[in-house]
Amino acid sequence: MAILHVTRKRFVLFLLILAGAAFLVWWFFFKTSHPYPLSVMRRANELQEQIISLDGHLDVALNFGSEGQEVNRDGDTQFDLVKAARGRLSGAALTIWSWPEFWNGEGPPRRPTSNSLEAIRNELEVRYRIITGIARDYPNQAGIAYTPDDLRRLVHEGKFAIIISMLNAYPLGDDLSKLDEWAARGVRIFGPGYVANNSWTDSARPLPFLGDTPDALGGLSELGRQAVHKLNELGVVIDVSQMSSNAIQQVTELTSAPVIASHTGVRGLMDIRRNLSDEDLQRIKNTGGIVNIVGYSNYLKPFSRKTIEKMNELRARFDLPDIQNMTQMGTTTDPVFSIWSEEKFGEFIAPFYEVLGQEPPATLEQYVDSIDYAVKKIGINHVGISSDFNDGGGVNDWENVGDTRNVTAALIQRGYSNEDIAKLWGGNFLRVWEQVQNQAKPSS
């Protein structure tokens, strides 16, 4: 009997250990990666298998594809083909872009020199080779979509569909024919603006350090106006994400085709110049276009009091006044930066980004709040989704493309129908893209 009693105790202990282990497995591998009820996640999984889901703006690092950063490896970047397959992300607009000058590397930020343009153009080429190399090196897993039909075919074949997009007209100089060249090379989305003004358009984020002032051009230059017509003729989708409100107004008045904002927030919830005002939203809608709400925390919610206090402490060390608005909090917009030396600005910018990095990330719920806001302002047919992964994007529970289902689950939880979710994830963009290409001028 004593032996039997001991055996029973051991068996009970074994069951308790087994139950504990099962709980830990459930917690780490299910609960932490699936923040919504099982029924919601099951529906999200099923829906993700049925719809075309496109990330409207996604970046790649300059070393993507190199040893340790392989495209078909589940690495430490926010995007790779393994994560995309896990999240059932159908495709993305992968973006070619470059800074107006180099912020990274050794030494402080630098103002442009005679050699800057060549270096920036080289950066474009590197990103172009990386993006096109994904399709070249992994033809069974990915392909370039040059038309909406291409994209649908690739998704049907089980391949990741890549749309090539481009931001920042600065590297193109004042040569409008560069648009023809890049369109011939496969660019299907083009945004003339980026950080800092250029000779085509005013930026939503002018940089006094580079000599910028807000609305220096009053919106678009004559070159920028010509670019709108040229892009319409080429059947390239115009992206107004990074442009000033004056520039957005002028683009939407000049264009003969729908335009998009590929990655943006809304000023109604986070009042910064980079986000779109209600008027901006309406103007984009009036073209038939769409606004992709971006999963970038600092565009989704105001900064916390604690972070603002830390920023004010930093500014006091440099004899700067306290923060006056959220735009000043998140970007280097003080006019005094125009007279600072590169060394002094470098001393300020490093701790500036350190303070920003301490701000708690937005939640997926806060992300959907911005989608809700845009939908209520301009309707479900004019809103989309983008992450800005690998260039600052990511919110709690949507930290890489492997978490794509969580976004779908959050939308289900908020009450969106399957049809509406399909529109947000790609249907709306495909409609816009088809309209843009259908209105293009036939090549002679």
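Remember, it's a predicted structure, so these values are computed and weren't measured experimentally. Hydrogens, waters and symmetry mates play no part in the numbers below; they use all other heavy atoms, side chains included.
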*Identify the two heavy atoms, one from T363 and one from Q366, that lie closest to each other, and give their separation to 0.1 Å.*
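Taking T363 first and Q366 second, the nearest heavy atoms are N-OE1, 2.9 Å.
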
*Which heavy atom in V436 sits nearest to a heavy atom in P258, and how many Å separate them?*
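In this case the closest contact between V436 and P258 is CG2-O, 3.5 Å.
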
Have [X] and [Y] got a donor and an acceptor in their side chains that come within less than 3.5 Å?
{"X": "D55", "Y": "S387", "value": "yes"}
{"X": "N246", "Y": "Q250", "value": "no"}
{"X": "N381", "Y": "K423", "value": "yes"}
{"X": "S262", "Y": "S386", "value": "no"}
{"X": "N232", "Y": "S256", "value": "yes"}
{"X": "T333", "Y": "Q328", "value": "no"}
{"X": "D280", "Y": "S245", "value": "yes"}
{"X": "T408", "Y": "Q48", "value": "yes"}
{"X": "S241", "Y": "D239", "value": "yes"}

*Might you work through the ring pair (Phe, Tyr, Trp, His ring centres under 6.0 Å) test for Y194 and Y170, ending with a clear yes or no?*
CA-CA 9 Å; Y194 193 50; Y170 176 72; over 10 Å; no

Residue pairs involving [range] (criterion ring-ring contact (aromatic ring centres under 6.0 Å, His included); sequence neighbours excluded):
{"range": "residues 140-167", "answer": "F79-F160"}
{"range": "residues 110-133", "answer": "Y128-W182"}
{"range": "residues 365-406", "answer": "Y367-W398, F389-W398"}

*Return each pair, listed once, that meets side chain to side chain donor-acceptor pair (under 3.5 Å) where at least one residue sits in residues 66-76; pairs must be two or more places apart or across chains.*
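Side chain to side chain donor-acceptor pair (under 3.5 Å) check on residues 66-76 returns Q69-D76, E70-R73, N72-Y138, D74-K83, D74-R86.
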
Taking the basic N atoms (NZ, or NE/NH1/NH2) and the acidic carboxylate oxygens, is any pair closer than 4.0 Å for [X] and [Y]?
{"X": "R267", "Y": "E279", "value": "no"}
{"X": "E342", "Y": "R111", "value": "no"}
{"X": "K178", "Y": "E181", "value": "yes"}
{"X": "E157", "Y": "R153", "value": "yes"}

*Would a 4.5 Å heavy-atom cut-off, applied to side chains only, mark T147 and R152 as touching?*
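A side-chain contact is absent here, since even the closest heavy-atom pair is not under 4.5 Å.
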
*asked:* Contact between N298 and E359 at the side-chain level, heavy atoms closer than 4.5 Å - yes or no?
replied: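 Yes, their side chains come closer than 4.5 Å.
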
*Begin from the C-alpha positions of R414 and D369 and carry the test salt bridge (Lys or Arg N to Asp or Glu O under 4.0 Å) through to its verdict.*
CA-CA 9 Å; R414 196 64 65 94; D369 286 343; 2.9 Å; yes

_side-chain contact (heavy atoms from CB on, under 4.5 Å), paired with W97, selected from D391, V195, I120, N168_ =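 Result for side-chain contact (heavy atoms from CB on, under 4.5 Å) with W97: D391.
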
_Pairs involving residues 245-255, ordered by first then second residue, that meet salt bridge (charged side-chain N to carboxylate O under 4.0 Å, His left out) (sequence neighbours left out)_ =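 Salt bridge (charged side-chain N to carboxylate O under 4.0 Å, His left out) check on residues 245-255 returns no pairs.
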
*Determine the interplanar angle of the F429 and W433 rings, folded into 0 to 90°, and report it as parallel if under 30°, tilted if 30 to 60°, perpendicular if over 60°.*
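Tilted, since the angle between the ring planes falls between 30° and 60°.
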
_Under the rule for salt bridge (charged side-chain N to carboxylate O under 4.0 Å, His left out), what residues qualify as partners of R127, not counting sequence neighbours?_
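R127 satisfies salt bridge (charged side-chain N to carboxylate O under 4.0 Å, His left out) with E123 only.
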
